[in-house]
Amino acid sequence: MKEKVELLVGQIPKRRVMTYGQIAALIGNPRAARIVGGVAHYGNKKLPWHRVVNKKGGLASGYPGGRRAQKEYLEFEGYKILGKDGDYWVDVDKLIWWPDLVGGESGK
DNA sequence: CGAGTGACCGCAA
DNA sequence: ATTGCGGCCACTC
């Protein structure tokens with residue numbers, strides 16, 4: 001399970017993001033979004049968890065350093081960061097990314 | 001070993 | 001529209 005999560009997160013290309021629910025669905029547990037969060041906290045911290053956002057595209061709450069730090073990371077990679085003071089989010093509708101199972105190009 | 005928590009999501013009231 | 005509750009796997013105490 002978590003291996004799939006870590007795998008997917010590790011395969012998330014730059015300028016692209018994935019939602020917890022999405023990953024959870026891909027591993028076979030659409031309702032196990034929390035598990036993804038659990039893996040994020042306990043699992044492999046070497047993975048780009050900053051590219052993982054919630055359904056609203058908002059940044060994680062328990063991220064090391066706070067949402068601010070995560071926002072810095074994302075904008076540093078060139079993400080289109082939106083949001084208000086203290087609350088940030090990305091264009092999940094456009095930056096959302098899916099594994100290469102659609103037939104090659106998943107979006108650019 | 002047993003119980004509780006965790007960076008979430010979705011439905012129901 | 002907002003608040004409340006259930007559900008899953010892995011890890012920690």
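All values below come from the heavy atoms of this structure, side chains included, with hydrogens, waters and symmetry mates left out. Note on naming: letters A, B, ... go to the chains in the order of the sequence lines (proteins, then strands), and numbering restarts at 1 for each one.
No donor-acceptor pair under 3.5 Å is formed between the side chain of A:Y79 and the backbone N or O of A:V90.
Rounding to the nearest 0.5 Å gives a distance of 4.5 Å between CE of A:M18 and CD1 of A:I23. Atoms OH and CG, on A:Y88 and A:L74 in that order, are 12.0 Å from each other to the nearest 0.5 Å. Residue A:N29 holds its CG atom at 9.0 Å from NZ of A:K4, rounded to the nearest 0.5 Å.
Between the side chains of A:E72 and A:H50, no donor-acceptor pair is found at a separation under 3.5 Å.
Interface residues of residues 31-41 of chain A facing DNA chain C, ordered by number: A:R31, A:R34, A:I35; criterion, heavy-atom separation under 4.0 Å. Within residues 42-51 of chain A, the residues that place at least one heavy atom under 4.0 Å from DNA chain C are, in residue-number order, A:Y42.
Side-chain atoms of A:E3 and A:L7, non-hydrogen and from C-beta on, never get closer than 4.5 Å to each other. Two residues are said to be in side-chain contact when any heavy atoms from C-beta on lie closer than 4.5 Å; A:V52 and A:V9 meet this criterion. Using a 4.5 Å cut-off on side-chain heavy atoms (C-beta onward), A:K84 and A:W89 make contact. Side-chain atoms of A:Y20 and A:K55, non-hydrogen and from C-beta on, never get closer than 4.5 Å to each other.
A nucleotide of DNA chain B counts as in contact with chain A when one of its atoms lies under 4.0 Å from a heavy atom; the first and last such, 5' to 3', are B:dG6 to B:dG10. Of all nucleotides in DNA chain C, those with any atom nearer than 4.0 Å to a heavy atom of chain A start and finish, going 5' to 3', at C:dG7 to C:dT12.
A:W97 and A:Q22 make their closest contact through O-NE2, 3.0 Å (heavy atoms, listed as atom of the first residue, atom of the second, distance).
A:K94 pairs by the side chain to side chain contact (heavy atoms under 4.5 Å, CB included) definition with A:K80, A:D91, not counting sequence neighbours. Residues forming a side chain to side chain contact (heavy atoms under 4.5 Å, CB included) with A:I35 (at least two apart in sequence, or on another chain): A:A32, A:V39.
Separation of the C1' atoms belonging to C:dA10 and B:dG10 is 22 Å when rounded to the nearest angstrom.
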